[in-house]
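Here's the structure we're looking at; comments come further down.
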Amino acid sequence: LTLSSDIISAGGAISATSGGSIIQNAALSSSGGAITVTAGDDFSQTTSSTTDSSSAGDTGTVSITVENNLLSDKIISDGAVTITATSGSITALDSITSQVGDITLTSAGQISQFNGSNFSTASTGGISLSSSAIISSAAMSASGSGNIDLNATAGNITMHSSSSALAGGFIHLSANSASLTSNNLSTTNGGEITLSSQNALVANAGITASGIGAVSLTSSSASVSIAGSVDAGEGNISITADQSVIQSSAASVQTAGSG
């Protein structure tokens, strides 16, 4: 199924379904409605297209489910954005934005977030990514009370840009069977930051948890390397490694807490 002309609704639902692949070459737009895409094979959203369910009423949602690989471009929604690749990978070429809904990406393969494809939401649930491996080259922002939760079941988590939970939400990153590299993580209002990996854990460009937000860094079978400063505000700091804890000369580790 190839969508080559804009499909626009004043608020009604839009549904595109194919037993094979779907190529989206044009806009899908519903002012406050539900946009649903289901493909039995691959889904590709080209760089000239936008999927937009936003409205003044904050009721629109976007759901994209495919069997194999999924390539997304710009997605805008009031409510939840749910993207699933049952057997394949997810690649985000542009931003995913929700006003008040959760952003959830789930895939059997790798999730790749390209440079400039920022993920942002003001929801209470936040941003959740679960896949075999995660490469993030753009920012993630949870400006409501929601969390940023990344879980890699088999491969690495590699982050090249900043992530922030701005209203008390947590940041949880877990590479269950491999390595984790973080980059510039921050929370406010007591949000904790927890990083765990089986193999090497590298904390780059700083970790800041303001208020009483605790910071925990754990490598269950390798080393923890701290390349940027770690500041837990008034919260506790826990750093645990099976091998070594390596702290660069420029990386301070500090808390004003008494724990």
Side-chain angles (χ1 to χ4, degrees), residues 1-3 7 13-25 27-30 33-47 49-54 59-114 117-121 123-138 140 142 146-157 163 172-177:
L1 175 63
T2 299
L3 307 175
I7 299 175
I14 296 175
S15 178
T17 303
S18 172
S21 296
I22 296 178
I23 301 173
Q24 181 184 339
N25 292 326
L28 294 179
S29 178
S30 176
I35 298 176
T36 304
V37 177
T38 306
D41 196 355
D42 298 331
F43 171 77
S44 178
Q45 183 184 359
T46 63
T47 55
S49 64
T50 300
T51 300
D52 186 351
S53 68
S54 60
T59 57
T61 61
V62 174
S63 175
I64 304 174
T65 303
V66 306
E67 179 61 33
N68 292 320
N69 298 317
L70 190 154
L71 184 69
S72 71
D73 202 64
K74 181 171 288 187
I75 296 174
I76 305 168
S77 177
D78 292 324
V81 176
T82 305
I83 299 175
T84 305
T86 304
S87 302
S89 299
I90 297 173
T91 301
L93 298 178
D94 207 330
S95 60
I96 298 176
T97 304
S98 175
Q99 296 298 321
V100 295
D102 300 342
I103 296 174
T104 305
L105 275 64
T106 307
S107 71
Q110 180 171 286
I111 293 176
S112 301
Q113 183 188 13
F114 273 38
S117 60
N118 299 334
F119 295 172
S120 62
T121 180
S123 74
T124 57
I127 299 169
S128 174
L129 276 59
S130 179
S131 67
S132 63
I134 298 169
I135 299 177
S136 172
S137 299
M140 298 187 196
N147 305 325
I148 296 175
D149 191 346
L150 274 58
N151 182 60
T153 58
N156 300 332
I157 294 177
S163 294
H172 294 165
L173 311 180
S174 179
N176 298 319
S177 302

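Quick note: residue numbers are just sequence positions, from 1.
Interatomic distance, CD1 of Ile35 versus OG of Ser29, reported as 6.5 Å (0.5 Å rounding). We find the CG-CG distance between Leu150 and Leu105 to be 9.5 Å, quoted to the nearest 0.5 Å. Between the CE atom of Met140 and the OG atom of Ser163 there is a distance of 5.0 Å, given to the nearest 0.5 Å. Note that CD1 of Ile103 is 5.0 Å distant from CD1 of Ile127, once rounded to the nearest 0.5 Å. Atom CZ of Phe43 sits about 10.5 Å away from atom OG1 of Thr38, to the nearest 0.5 Å. Here the OG1-CG distance, from Thr59 to Asp78, works out to 6.0 Å after rounding to the nearest 0.5 Å.
For the residue pair Ala16 and Ile22, the shortest heavy atom distance occurs at O-CD1, 3.8 Å. Smallest separation of non-hydrogen atoms from Gly109 and Ser131: O-CB, 3.0 Å. Gly155 approaches Ala175 most closely through the heavy-atom pair O-CB, 4.1 Å. The two atoms that bring Gly20 and Ala39 nearest to each other are O-CB, 3.6 Å, heavy atoms only. A pairwise comparison of heavy atoms in Ala92 and Ser72 identifies CA-OG, 3.4 Å as the closest pair. Pairing each heavy atom of Ala152 with each of Asn156, the nearest pair is CB-O, 4.2 Å.
A donor-acceptor distance shorter than 3.5 angstrom exists from the side chain of Ser53 to the backbone of Thr61, with no hydrogens or angles considered. Although no hydrogens or angles enter the test, the distance criterion places no donor-acceptor pair under 3.5 Å between the side chain of Thr84 and the main chain of Thr86. A donor-acceptor pair under 3.5 Å is absent between the side-chain atoms of Ser95 and the main chain of Lys74, judged by distance alone. At least one donor-acceptor pair closer than 3.5 Å links the side chain of Asp42 to the backbone N or O of Asn69. A donor-acceptor contact shorter than 3.5 Å is absent between the side chain of Thr121 and the backbone of Ala142. With hydrogens and angles disregarded, a donor-acceptor distance shorter than 3.5 Å links the side chain of Ser177 to the backbone of Thr153.
Across Thr97, Ile148, Leu129, a single residue satisfies side-chain contact (heavy atoms from CB on, under 4.5 Å) together with Phe119, and that is Leu129. Checked against Gln24 for a side chain to side chain donor-acceptor pair (under 3.5 Å), the options Thr51, Thr46, Thr2 give a single hit: Thr51. Checked against Ile157 for a side-chain contact (heavy atoms from CB on, under 4.5 Å), the options Ile134, Asn151, Ile111 give a single hit: Ile134.
Asp52 meets the side chain to side chain donor-acceptor pair (under 3.5 Å) test with Ser54; sequence neighbours excluded. For Ser112, the side chain to side chain donor-acceptor pair (under 3.5 Å) test picks out Gln110, with sequence neighbours left out. The side chain to side chain donor-acceptor pair (under 3.5 Å) search around Asn68 returns Asp41, not counting sequence neighbours.
Taking 4.5 Å as the limit, every side-chain heavy atom of Thr47 sits out of range of all side-chain heavy atoms of Asp94. By the 4.5 Å heavy-atom criterion applied to side chains, Leu28 and Val37 are counted as neighbours.
Side-chain contact of Asp102 with Ser123: a donor-acceptor pair under 3.5 Å is present, judged by distance alone. Defined by atom type and a distance below 3.5 Å, a donor-acceptor pair is present between the side-chain atoms of Glu67 and Ser87.
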task: Run the numbers on Ile96 and Val62 for side chain to side chain contact (heavy atoms under 4.5 Å, CB included), then give the verdict.
output: CA-CA 10 Å; Ile96 298 176; Val62 174; over 6 Å; no
